[in-house]
2 protein chains.
Amino acid sequence: MPTAKAEQAARTRQRVLLAAAEVFDEAGYEKASVTQIVERAGLTLGALYFHFGSKQGLAEALMNAQPTTIEPRLTSTGLQRLVDITLVWADRMKRDPVLRAGVRLATEQGSHGMNDATSFEEWRTLMCSHLDVARSSGELRDGVDTDRLARFVVGACTGMQIYSDLATKRDDLMERVCDMWDLLLPSIASEAVLRDIHVGPTRLPAQ
Amino acid sequence: MPTAKAEQAARTRQRVLLAAAEVFDEAGYEKASVTQIVERAGLTLGALYFHFGSKQGLAEALMNAQPTTIEPRLTSTGLQRLVDITLVWADRMKRDPVLRAGVRLATEQGSHGMNDATSFEEWRTLMCSHLDVARSSGELRDGVDTDRLARFVVGACTGMQIYSDLATKRDDLMERVCDMWDLLLPSIASEAVLRDIHVGPTRLPAQ
């Protein structure tokens, strides 16, 4: 059972993370300042450095927090789970600052001298694990390489998001994700499963 | 017929563009300086400002130069042309500074306050025109939306490139592009054409 002190520390950490997410999402990494972040959080610089070590440590924590903002919202399994992850992700990219900051920092990291594929590899491992469940349930066509498919979906979502953001401020991101599944499912889903997989905003959990 | 003066101007413009590409590719937009660029080009600041107006003007010219570094190398048509564009692109991303800088600037532009989907839309329009040829030659399955497919391919290539760069310094970019076509072609190519479309580095034109 966590002590009152540990609970307090977790809450402080979360406040810093949320304030940092908002500032990074609005300003980008270079223009964001740690002073701005702690002011928004109503905390001290000491709290930021205690929990994250540096501005870069904060950015890494946000990049790697992406799956934890999506996965707990889902109950489906196998191929439907993979589809649902991308739909919930597309929906939450419109309004979840922690997710938006994580994605922005991961895709723009080259511009501020970082070079860390961890957040991409974590998505890939997670997606691959759901595809392995799909495989053992007979949901996949023969010959589908689950790891390469997961790698492709992570890359495709990354790029769709950038293009959608520039072209429509992400208004069409959900539509683009649905297009991806319309294109991929006939190649990867077994005949019997293909008609049972649902793609579209109706898959989103109640808010 | 261009005059000697116009030819000289075109050569100067190209020298600035190439030097800028190298500097942006190495340092990113923020850290690149116009002084560094003209020094590398062996020219004056006046030449840079005359041809491009500003550092941002240079960045825009590079972002929008992408298709011109790929298209002249190809002779195929229709769906094979679309595949070939992506294969040549994956290959040249390893060593063409103008292309690398253009892609880097387009994907990281959010971090330096730019917001310009032009280079993405130009790729999409170009790819869509080849898909329309494919459609009129009976190469596509019924129900394929050529514009949405083009939009998806542009987004997917954008993200594959970022992930591949972070994970393997683009060593596996060609493999990832081939994976994309293995996944997409069964959904989009008509039965008769599917076995005639070639995917792989053997499609690259002789250097």
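Every chain is numbered from 1, with letters handed out A, B, ... down the list of sequences. Because only heavy atoms are used, hydrogens play no part in the values below, and waters and symmetry mates are left out as well, while side chains stay in.
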> In terms of heavy-atom proximity below 4.5 Å to chain A, should I162(B) be classed as side chain, backbone, both, or neither?
Replying inline: side chain
>> Can you tell me which portion of D179(B) sits under 4.5 Å from chain A's heavy atoms? Options are side chain, backbone, both or neither.
In response: side chain
>> If you count heavy atoms of other groups shown closer than 6.0 angstrom to CZ of R11(B), is the number above 12?
In response: yes
> How many angstroms lie between atom OG1 of T118(B) and atom CG of L166(A), to the nearest 0.5 angstrom?
Replying inline: 9.5 Å
>> With chain B as the partner, which of D165(A), V153(A), L183(A), D182(A) has the greatest number of non-hydrogen pairs under 4.5 Å?
In response: L183(A)
> In terms of heavy-atom pairs under 4.5 Å with chain A, which of A27(B), S187(B), P186(B) leads?
Replying inline: S187(B)
> Picking from Q109(A), Q161(A), M114(A), which has the most non-hydrogen pairs under 4.5 angstrom with chain B?
Replying inline: Q109(A)
> How close do N115(A) and K169(B) get, heavy atom to heavy atom, and via which atoms?
Replying inline: ND2-NZ, 3.8 Å
>> Quick check on Y29(B) against chain A: is it the side chain, the backbone, both or neither that has a heavy atom closer than 4.5 Å?
In response: neither
>> Quick check for you: among S164(B), A117(B), G28(B), G143(B), which has the greatest number of heavy-atom pairs under 4.5 Å with chain A?
In response: A117(B)
>> One thing to verify: whether D172(B) and R151(A) come together as a salt bridge, which I'm taking to mean a side-chain N less than 4.0 angstrom from a carboxylate O.
In response: yes
> At a heavy-atom separation under 4.5 Å, does A106(B) approach chain A through its side chain, its backbone, both, or neither?
Replying inline: backbone
> Does a side-chain heavy-atom distance below 4.5 Å link L184(A) with L184(B)?
Replying inline: yes
> Under the salt bridge (charged side-chain N to carboxylate O under 4.0 Å, His left out) criterion, do K31(B) and E30(A) qualify, and how do the steps go?
Replying inline: CA-CA 11 Å; K31(B) 295 194 179 68; E30(A) 289 291 351; 3.8 Å; yes
> OH of Y163(A) to OG1 of T158(B): how many Å apart, nearest 0.5 Å?
Replying inline: 8.5 Å
> So what's closer than 4.5 Å to chain B heavy atoms on D116(A): side chain, backbone, both or neither?
Replying inline: backbone
> Out of R176(B), E175(B), M180(B), which residue meets the side chain to side chain contact (heavy atoms under 4.5 Å, CB included) rule with R148(A)?
Replying inline: E175(B)
